[in-house]
Structure formats: C-alpha cells, structure tokens
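Here the structure is laid out as structure tokens; the discussion comes afterwards.
Just the heavy atoms: all of them, side chains too, but no hydrogens, waters or symmetry mates, feed the values below.
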Amino acid sequence: MRRRLGTSLYAGVLFTVLGLLAWASGQPFVFPSLGPSAYILAFDRRGERTRAYRVIGSHAIGALGGLAAYWLLAPGVTLTALPPALSIDGLRLAGSGVFSIMVTSWTMIATETNHAPACATTLIVSLGLLSTPFQAAVIVVSVVVLVAVHLLVVRLFERLVGANHPAYRE
C-alpha cells in the first residue's frame, strides 16, 4: 500500500512542476507521453529504466523522428480532426505515423535508449499535434525538466534518509 501511495504521489510531484511550467509559459510542457515517463521514474526510482540518457535520449529521438516523418510525408496536415476515409491527407498522416515509429524504434535500439513512452512522443509529433521545431524543442525541454526534478528529489531523499532506507530499497 505504501509503495502505491508513494509512487502515485511522487508521479504527481513530478508532473506538478511541469504543469506549473506549462501554466506559466503557455507552452505544451505537459503532453500525453510524459505521463508514462513520470510513472516509470516514480515507480522505479533508481532502476536502469530511469537512467537520464535513456529517458531524455529516447524522447529526443522520438521528437526528431516525428519531425522528420511529419515534414517528409504530411506537412500541413494534422490529426486534430479525422481526415475523410481513403483521403490522401489520411494516408499521409498514417504514413508519417508508421515511418516515425520505425525510425524511433530503430534509433532507440541502436543507441540503447529504449524507453517505450518515446513512441508516443514520436506519434504526437508525426501526426501533426506538436509538429513545429519549437514544439519539438519544448517536448525535449519538458523531459529534461522531468528528469532533472527526479534526480534532485532522489539525491535529496538519499541525503535525508540514506540510500539503504528500507522504504527506498527495491
């Protein structure tokens, strides 16, 4: 019970910082694929899946792969409204999504930055939802902030209670 409560509260703390940043700036510092990343950081605080290079690198790869796919295959089209069945715009968006997943998956494996939420990031970008270079940069900055807050909290916790505290050990 304590782990469930701790994980949910901690994920909320991580997201609160980004929510405040989004609110203060008017920029999309909160987006769907960041939720699973916050959960992984909160659940597996010091595990291999939470390495900064893995979380940040994968989302950067997803943002860049999504931008490349979008600008190659579907510039100007967005998934905010469904395109008509069998339309060229729908085909372009589908192709962009497929291509971005392929590029992102291949690159994450090649760079050993596997982090599944980045596949959602690449779709957010490649489907025209956050598809400008500035928006892609905001995505990456959001992930950097998320990981930085996580690392700060982990270090503070270790200083306060020690790394061998029973409630912190896995």
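Among residues at least two apart or in separate chains, there is no salt bridge (charged side-chain N to carboxylate O under 4.0 Å, His left out) pair with a member in residues 55-83. The stretch residues 11-30 participates, sequence neighbours left out, in no side-chain hydrogen bond (donor to acceptor under 3.5 Å, both in side chains) pair at all. Sorted by first and then second residue, the side-chain hydrogen bond (donor to acceptor under 3.5 Å, both in side chains) pairs with a member in residues 63-84 form an empty list; sequence neighbours excluded. Counting only residues at least two apart or in different chains, salt bridge (charged side-chain N to carboxylate O under 4.0 Å, His left out) contacts with residues 71-97 comprise Asp89-Arg92.
Between the side chain of Ser100 and the backbone N or O of Ser126, no donor-acceptor pair lies under 3.5 Å. The backbone N or O of Leu5 sits less than 3.5 Å from a side-chain atom of Ser8, completing a donor-acceptor pair. Side-chain atoms of Ser87 come within 3.5 Å of backbone N or O of Pro84 as a donor-acceptor pair.
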Under 3.5 Å, which donor-acceptor pairs do the side chains of residues 31-38 form with other protein atoms, sequence neighbours left out?
unit_1, atom_1, unit_2, atom_2, d
Ser33, OG, Thr121, OG1, 2.5
Ser37, OG, His59, NE2, 2.7
Ser37, OG, His115, NE2, 2.7

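Residues Thr113 and Ser58 approach most closely at O-CB, 3.1 Å, considering heavy atoms. When all heavy atoms are compared, the tightest approach of Val103 to Gly65 is CG1-CA, 4.1 Å. Here the closest heavy-atom approach between residue Pro83 and residue Leu93 is recorded as CG-CD1, 4.0 Å.
In the displayed structure, Leu156 atom CG is contacted under 6.0 Å by more than 12 heavy atoms of other residues, nucleotides or ligands.
For Tyr39, the ring-ring contact (aromatic ring centres under 6.0 Å, His included) criterion is met by Phe43, not counting sequence neighbours.
Under the side-chain contact (heavy atoms from CB on, under 4.5 Å) rule, His150 has a single partner from Val154, Val153, Leu146, which is Val154.
Follow the hydrophobic side-chain contacts under 4.5 Å out from Val140 and you never reach Leu64; the two are in separate clusters. Clustering ILVMFWY residues whenever any of their side-chain heavy atoms sit less than 4.5 angstrom apart, transitively, puts Leu21 in the very cluster that holds Leu151.
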